Amino acid sequence: MRFGGLTAIDELSFAAPVRQITSIIGPNGAGKTTLFNCITGFYRPSAGSIVLAHPVRGSLRLETLESHRVAREAQVLRTFQNTRLFPKMTVLENMIVAQHNALQAASFFSLAGLFKLRRYRLAEKQALEQAMSWLQRLKLLEFANIAAGVLPYGTQRRVEIGRAMCADPVLLCLDEPAAGLNPRESAELNDLLLELSRESGISVLLIEHDMNVVMKISDHIVVLNYGRKIAEGAPLLVRKDPHVVKAYLGEEDFQEQRA
Amino acid sequence: MRAIFPRQALSIAERLRDAGWIAFVALVLGVPMIGLTTVDAGNKLVVHTRLPLLMEFVAACFLGRLALRFSLDKFAQRKIERQAQEARRTVQIPARSTLPLIKWLGWWLLGAALVLPLMFSGNRYVVDTATTVLIYVMLGWGLNVVVGLAGLLDLGYVAFYAVGAYAYALLSTQFGWGFWQSLPVAGGLAAFFGLALGWPTLRLRGDYLAIVTLGFGEIIRIILVNWTELSGGPNGIASIPRPSFFGLPFQAPSDDGVQTFAGFFGLEYSPGQRVIFLYYLILLLALLTNLFVTRMRRLPVGRAWEAIREDEIACKALGINVVTVKLSAFALGAMLGGLAGVFFAARQGFISPESFVFSESATILAIVVLGGMGSQLGVVLASLVLVLLPEIGRDFAEYRMLLFGMAMILIMVWRPGGLLVRREPAIMAPAPMQARP
Amino acid sequence: MASIIQQLINGLTLGSIYGLIAIGYTMVYGIIGMINFAHGDIYMVSAFIAVTCFTLLAAAGISSVPLALLIVLAVTVAFTSVFGWSVERTAYRPLRGSTRLAPLISSIGMSIFLQNMVQVTQGARVKSIPPIITGGIDLFTRDGFNVHLAYSQIIIVMVTVALMAVFTWLITQTSFGRQQRACEQDRTMAMLLGIDVDRTISLTFMIGAALAAVAGVLVTVYYGVIDFYIGFGAGIKAFTAAVLGGIGSLPGAMLGGLVIGLIEAFWAAYLSAEYKDVATFSILILVLMFRPNGLLGRPEVEKV
């Protein structure tokens with residue numbers, strides 16, 4: 001991926017296996033969010049390909065799809081580094097909007113919805129149930145009818161994850177979900193992510209700076225620096241990798257540590 | 001708060017200095033506008049002075065500022081005291097449903113709208129004005145879809161109103177179509193124009209869309225002025241047939257055997273009957289619009305409109321096709337504007353490009369924003385204010401629009417969020433699941 | 001050929017005036033992100049002040065054209081700046097921090113107010129003053145077509161060029177310019193760094209009004225005919241120019257103004273005078289379709 005003369009991501013290749021949590025770490029500016037933007041169709045990579053093995057639709061080339069099709073057809077959902085909720089809409093509405101495509105199909109160009117036909121009412125009820133069950137699971141029920149924008153930061157992060165889950169993802173990309181969480185919230189998030197990948201069968205891609213989170217729950221870690229992959233592997237391996245230590249601590253500190 | 005920042009009461013000297021400064025600005029502004037004026041004397045201009053008037057103006061500004069400052073301070077003081085009192089009380093949970101007052105207001109207004117022509121059946125002026133209010137209400141509700149819900153700034157809404165009006169005018173005068181036949185066609189045509197404008201431009205960022213829509217409105221108006229063969233040019237189109245009551249025209253009984261409304265119901269003919277009929281017709285159209293928009297808002301499309309207004313990128317990330325959703329808002333808004341245009345043409349019996357100038361777009365937009373973006377009831381209140389204000393102001397003749405502009409600024413400054421800011425969620429959690437805090 | 005050059009001259013003259021007004025739009029948009037609909041009416045007000053001023057000078061018997069022009073420019077700019085300041089202070093500052101549309105509606109209200117204020121105080125009739133700068137140079141004649149360059153046109157273009165130079169210096173070299181640009185990029189941060197944001201915004205409005213006032217004087221000199229309604233048309237054109245050039249970009253506003261002036265002159269001369277505005281807006285739409293940020297606007301990377 002290039003921006004003018006700047007190459008943000010170069011010669012990167014890795015795989016994110018099903019039902020696993022793959023973490024992407026690296027110093028600021030390493031290209032982690034850019035990578036997410038490429039995967040979710042917000043940027044179009046200047047070269048290379050991103051393939052998703054979709055359980056139903058077979059293999060999909062994500063880099064050829066527009067962002068909304070990545071979410072709709074490939075079912076790759078994401079959260080954002082600085083949460084992007086619909087601030088004036090309630091938490092529940094946020095959850096329902098995430099199910100737009102299913103509901104829209106049921107509403108048959110809004111006609112079935114306008115005349116309140118049975119099939120639309122059923123679909124709406126289902127969507128509501130789905131939303132409520134996620135709200136319950138994420139302990140958000142009490143906020144259901146409150147405007148999302150007024151909630152505290154940590155709660156907003158949970159709402160955003162719940163919203164992505166409502167859209168029924170195959171691959172969930174989380175951009176620093178633990179940022180701004182207190183230790184207790186962060187521990188709860190760990191449990192939730194493990195649960196999601198183990199029980200719901202979702203692949204999770206995780207960008208995170210909090211090493212407590214990364215080391216505890218990742219199955220696999222990819223380390224980026226200046227847009228290149230400098231290491232990859234299981235948490236314990238990556239932690240000891242000299243390139244990684246160097247990238248994080250800098251050259252001199254690295255020498256000192258060795259000495 | 002009070003303990004930390006004790007409010008400093010302004011001393012008399014400070015108040016006088018403040019008002020003096022305002023008076024000075026008023027003097028500077030007043031000299032070229034009020035103090036001096038050029039008057040045509042034969043072939044050339046001569047300058048006249050109006051010193052007494054200027055002095056009165058400056059004095060008025062000085063005293064006005066003193067009074068304003070004083071009352072504002074009093075108001076602020078009371079507000080702080082109230083807040084301090086409230087802070088002492090326990091924290092209250094915000095009420096979940098809308099204020100009952102607002103809910104009642106809607107029904108009350110509807111009731112009043114239904115009985116109005118019966119109360120004022122003899123007073124044509126009242127019913128006519130009420131009809132105008134309702135046209136603006138309908139236009140406001142239509143534009144509300146585009147601006148209030150989808151958050152797309154449309155400064156050329158009047159173009160679709162014109163498309164509807166001219167479509168009916170042409171269909172009826174050239175092809176003899178009736179009102180009800182023309183209604184869906186004209187609405188569809190307006191929606192098509194909406195699509196045609198929206199398709200290339202909806203990818204643009206908010207304010208670019210504003211100027212493009214403004215330009216589109218002007219393009220339509222200029223074409224109407226200049227394409228004389230089609231639109232009659234500046235002279236417009238006259239003798240547009242009025243809508244009939246299920247085929248019964250409103251006219252004086254004649255000898256040619258045409259069954260009229262008055263004749264059919266055995267009533268004495270009076271021109272007021274048509275006025276009242278038109279009133280109920282636009283009331284019906286407006287209520288249908290309201291029902292339609294309220295329902296749409298609770299559907300996936302409607303929620304997607306609002307979601308796009310809130311955060312477009314998040315919408316894309318959730319798989320929503322932003323372009324089609326925006327287009328649907330644009331086309332539906334255009335269609336509703338077109339329908340209102342059909343009614344307008346049928347009511348006036350005569351249309352010309354004069355009725356479709358930018359200031360109309362601005363007024364409709366002002367109705368939506370003053371009402372409180374996205375609020376259906378707010379649109380009604382704002383239409384009442386913006387239509388009735390100039391009507392009341394008729395006594396002031398030339399100062400009418402001056403006061404109108406001033407009122408627009410004052411209302412905006414007074415309530416920047418609009419008259420009704422409260423937003424009703426489009427879907428509520430089922431009651432038993434609501435957790436008790 | 002000869003007539004093309006003539007239209008070029010006319011278009012550049014007209015474009016200079018649009019450009020001067022457009023700068024006011026673009027600066028205000030840059031700093032507080034609002035479309036100031038009253039800006040065209042500020043220009044209209046300045047034209048009225050200029051007419052009064054010219055008439056007074058004529059009555060006072062000042063016959064030197066350069067002197068009269070300088071006095072009128074100074075007086076009009078001074079008074080109009082106060083108008084710009086007052087408009088911002090009363091109608092927009094109380095709305096800072098509210099929704100994007102609130103100041104827009106307020107500015108529409110202000111536009112209606114200013115138009116009717118002038119109509120009430122100065123009369124609704126068209127005002128015309130005798131031509132102040134007469135004569136010109138006949139450049140050359142070819143195919144029976146005489147290319148004429150009026151002195152007033154020379155003055156308009158010269159004043160515009162000079163103002164642009166001063167203005168560029170003001171924005172790029174002075175501390176006000178730095179503060180202005182800082183506020184444009186991040187108002188909160190600018191405030192935290194001790195920049196008086198309110199003052200900077202006020203000054204921006206005054207400068208915008210001053211440039212509009214120069215345009216108002218130039219128009220009075222060029223056409224000699226004004227009424228209370230000229231602000232609307234010129235305002236829309238100038239706003240279009242600002243968007244065409246890339247709103248927020250100062251050279252863009254000037255370029256946009258020139259482009260629109262040229263389109264109008266050529267379209268009116270060769271195709272149809274009635275549809276010249278249709279051409280302007282259509283070209284705007286076309287340009288925006290292919291360059292969504294205008295001709296000189298910075299391309300915006302969608303920040304995700």
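Everything quoted here is computed from the prediction, not taken from an experiment. Throughout, a chain's letter reflects where its sequence line sits, starting with A, and its residues are numbered from 1.
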In a table with atom names and distances, give each donor-acceptor pair under 3.5 Å that connects a side chain of residues 166-174 of chain A to protein atoms at least two apart or in another chain.
none

> So which of A:Met89, A:Arg72, A:Gln104 has the largest heavy-atom pair count under 4.5 angstrom toward chain B?
Replying inline: A:Met89

> Can you list the residues that meet the side chain to side chain contact (heavy atoms under 4.5 Å, CB included) rule with A:Glu185, with sequence neighbours excluded?
Replying inline: A:Leu181, A:Asn182

> Is A:Arg163 positioned over the aromatic face of A:Phe86, cation under 6.0 angstrom from the ring centre and no more than 45 degrees off axis?
Replying inline: yes

>> For A:Glu124, which atoms come within 4.5 Å of any heavy atom of chain B: side chain, backbone, both, or neither?
In response: side chain

> Does anything in residues 146-156 of chain A get under 4.5 Å of chain B by heavy atoms, and if so which residues?
Replying inline: none

>> I'd like to know whether A:Ile161 forms a side chain to side chain contact (heavy atoms under 4.5 Å, CB included) with A:Trp134, so could you lay out the CA-CA distance, the side-chain angles of the two residues, the decisive distance to 0.1 Å, and finally the verdict.
In response: CA-CA 10 Å; A:Ile161 295 174; A:Trp134 277 110; over 6 Å; no

> A:Ser67 versus chain B, heavy atoms under 4.5 Å apart: side chain, backbone, both or neither?
Replying inline: both

>> Less than 4.0 angstrom from a charged side-chain N to a carboxylate O is my criterion; do B:Glu312 and B:Lys326 meet it?
In response: yes

> When you look at B:Trp305 and B:Arg303, which way does the side chain to side chain contact (heavy atoms under 4.5 Å, CB included) test go after all the steps?
Replying inline: CA-CA 5 Å; B:Trp305 290 339; B:Arg303 284 188 291 256; over 6 Å; no

>> Under a 3.5 Å threshold, yes or no: a donor from one side chain and an acceptor from the other, between B:Asn321 and A:Arg69?
In response: no

>> Under a 3.5 Å cutoff, is there a donor and acceptor pairing between the side chains of A:Arg157 and A:Thr83?
In response: no

> Contact part of A:Phe143 toward chain B, heavy-atom cut-off under 4.5 Å: side chain, backbone, both or neither?
Replying inline: neither

> For A:Ile25, does its backbone N or O pair with a side-chain atom of A:Glu208 as donor and acceptor, under 3.5 Å?
Replying inline: no

> Nearest 0.5 Å, what's the CD-NZ distance between B:Glu306 and A:Lys88?
Replying inline: 9.5 Å

> Does the side chain of A:Gln81 pick up a donor-acceptor pair with the side chain of A:Thr33 at under 3.5 Å?
Replying inline: yes

> With a 4.5 angstrom heavy-atom cut-off, which part of A:Leu128 approaches chain B: side chain, backbone, both or neither?
Replying inline: side chain

> Among A:Val97, A:Thr40, A:Asn94, A:Thr79, who wins on heavy-atom pairs under 4.5 Å with chain B?
Replying inline: A:Val97

>> Between A:Glu195 and A:Arg137, does any side-chain N to carboxylate O distance fall below 4.0 Å?
In response: yes

>> So if I take each residue of residues 53-64 of chain A and look for any heavy atom under 4.5 Å from a heavy atom in chain B, which residues do I end up with?
In response: none

